[in-house]
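Keep in mind it's a predicted model, so treat the numbers as computed, not measured.
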Amino acid sequence: MRFLLDTQVLLWAAGVPERLSEDLRDLIDDPGSELVFSAASVWEVAIKNGLGREDFRVDPRLLRRALLENGYSELAVSGAHAAGVDMLPPIHKDPFDRILVTQAAMEEITLVTADPVVGRYPGPIRVF
């Protein structure tokens with residue numbers, strides 16, 4: 001099964017795996033799980049790291065390379081994804097979360113998040 005990990009889950013998996021629940025660690029470690037990250041997450045890390053956010057203190061280039069080296073697949077942001085954001089209900093204002101929700105729905109990938117607000121969107125989303 002394919003899973004699109006949201007930015008926070010990616011950062012925890014890469015840098016502070018103890019923040020992940022046991023169920024989420026099991027999902028990530030399952031050889032049957034195809035793990036996917038969005039280019040939007042790398043962009044989010046670059047922006048928020050540049051703003052000095054403590055919870056985004058990671059070099060986006062190193063993060064991307066490490067994800068690819070560890071078998072994650074990268075999902076580009078397409079024009080169709082960007083245009084599809086306007087179909088979402090106004091549940092969450094964060095543009096990065098909104099593009100991830102749209103990508104998951106359009107690509108039929110389950111979005112994995114720790115954010116219960118994101119979990120309120122319709123579509124293939126699992127909150128851990």
Side-chain angles (χ1 to χ4, degrees):
M1 187 166 190
R2 294 175 73 202
F3 297 100
L4 175 62
L5 278 61
D6 81 358
T7 309
Q8 195 62 62
V9 172
L10 285 171
L11 290 173
W12 290 347
V16 282
E18 61 275 7
R19 298 277 316 258
L20 302 172
S21 70
E22 184 177 339
D23 288 341
L24 183 48
R25 280 194 305 272
D26 289 345
L27 180 141
I28 290 171
D29 292 339
D30 183 338
S33 294
E34 181 185 341
L35 304 176
V36 179
F37 70 96
S38 173
S41 290
V42 178
W43 182 28
E44 180 178 13
V45 168
I47 289 172
K48 293 181 178 177
N49 182 41
L51 294 172
R53 289 263 309 257
E54 289 298 320
D55 52 340
F56 286 85
R57 286 270 178 225
V58 63
D59 182 317
R61 289 165 220 58
L62 294 178
L63 175 64
R64 180 178 179 271
R65 186 172 69 221
L67 291 169
L68 292 169
E69 288 174 355
N70 282 285
Y72 287 68
S73 299
E74 183 173 19
L75 177 60
V77 176
S78 71
H81 295 145
V85 169
D86 74 343
M87 300 299 289
L88 293 178
I91 294 171
H92 202 303
K93 293 182 181 183
D94 184 289
F96 297 106
D97 288 333
R98 292 174 61 82
I99 195 72
L100 293 175
V101 169
T102 302
Q103 286 184 296
M106 293 181 79
E107 301 298 326
E108 299 179 349
I109 304 172
T110 300
L111 178 62
V112 174
T113 184
D115 186 340
V117 177
V118 173
R120 292 179 21 209
Y121 280 105
I125 300 172
R126 286 182 62 184
V127 180
F128 285 87

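Across every non-hydrogen atom of F128 and S21, the tightest pair is CD2-OG, 3.9 Å. Among all heavy-atom pairs drawn from L4 and L100, the shortest one is CD2-O, 3.7 Å. Minimum interatomic distance between A105 and P124 (heavy atoms only, all atoms of both residues): CA-CD, 4.1 Å. Taking both residues in full, the closest heavy atoms of S41 and D6 are given as OG-C, 4.3 Å, listed atom of the first, atom of the second, then distance. The shortest heavy-atom contact between E34 and S73 is OE2-OG, 3.7 Å. Pairing each heavy atom of R120 with each of I91, the nearest pair is O-CD1, 3.6 Å.
Distance check: W43 CH2 to T7 OG1 gives 11.5 Å after rounding to the nearest 0.5 Å. L5 contributes atom CG, which lies 8.0 Å from atom CG of L111 (distance to the nearest 0.5 angstrom). Distance check: R2 CZ to E108 CD gives 9.5 Å after rounding to the nearest 0.5 Å. In this structure, I99 CD1 and H81 NE2 are separated by 7.0 Å, a value rounded to the nearest 0.5 Å.
Residues V42 and L68 fall within the same hydrophobic cluster, defined by Ile, Leu, Val, Met, Phe, Trp and Tyr side chains chained together at heavy-atom separations under 4.5 Å. Linking Ile, Leu, Val, Met, Phe, Trp and Tyr residues whenever their side-chain heavy atoms come within less than 4.5 Å places L27 and M1 in a single cluster. Taken together through direct or relayed side-chain contacts under 4.5 Å among Ile, Leu, Val, Met, Phe, Trp and Tyr, V36 and V118 form part of one hydrophobic cluster. When hydrophobic clusters are built by joining Ile, Leu, Val, Met, Phe, Trp and Tyr residues whose side-chain heavy atoms come closer than 4.5 Å, directly or via intermediates, L10 is grouped together with V16. Tracing side-chain contacts under 4.5 Å through hydrophobic residues (I, L, V, M, F, W, Y), one reaches V117 starting from I125; they form part of the same cluster.
A side chain to side chain contact (heavy atoms under 4.5 Å, CB included) with I28 holds for exactly one of W12, F3, Y72; it is Y72.
Residues L63 and F37 form no side-chain contact, since every pair of their non-hydrogen atoms from C-beta on lies 4.5 Å or further apart. In this structure the side chain of I109 never reaches within 4.5 angstrom of the side chain of Q103, judged on heavy atoms. Taking 4.5 Å as the limit, some side-chain heavy atom of T102 sits within range of a side-chain heavy atom of L88. Side-chain contact between T113 and R126 is absent, with no heavy atoms from C-beta onward closer than 4.5 Å.
A salt bridge does not link R98 to D115: none of the charged side-chain nitrogens sits closer than 4.0 Å to a carboxylate oxygen. Ion pair R57/E54 flagged as a salt bridge, since at least one NZ, NE, NH1 or NH2 atom sits closer than 4.0 Å to an Asp/Glu carboxylate oxygen.
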Test L67 against L35 for side-chain contact (heavy atoms from CB on, under 4.5 Å), laying out the working first. CA-CA 9 Å; L67 291 169; L35 304 176; over 6 Å; no
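Panel note: side chain E44, backbone A39; no donor-acceptor pair is recorded below 3.5 Å. Under a 3.5 Å cut-off, the side chain of N49 and the backbone N or O of V45 do not form any donor-acceptor pair. A donor-acceptor contact shorter than 3.5 Å is absent between the side chain of R53 and the backbone of K48.
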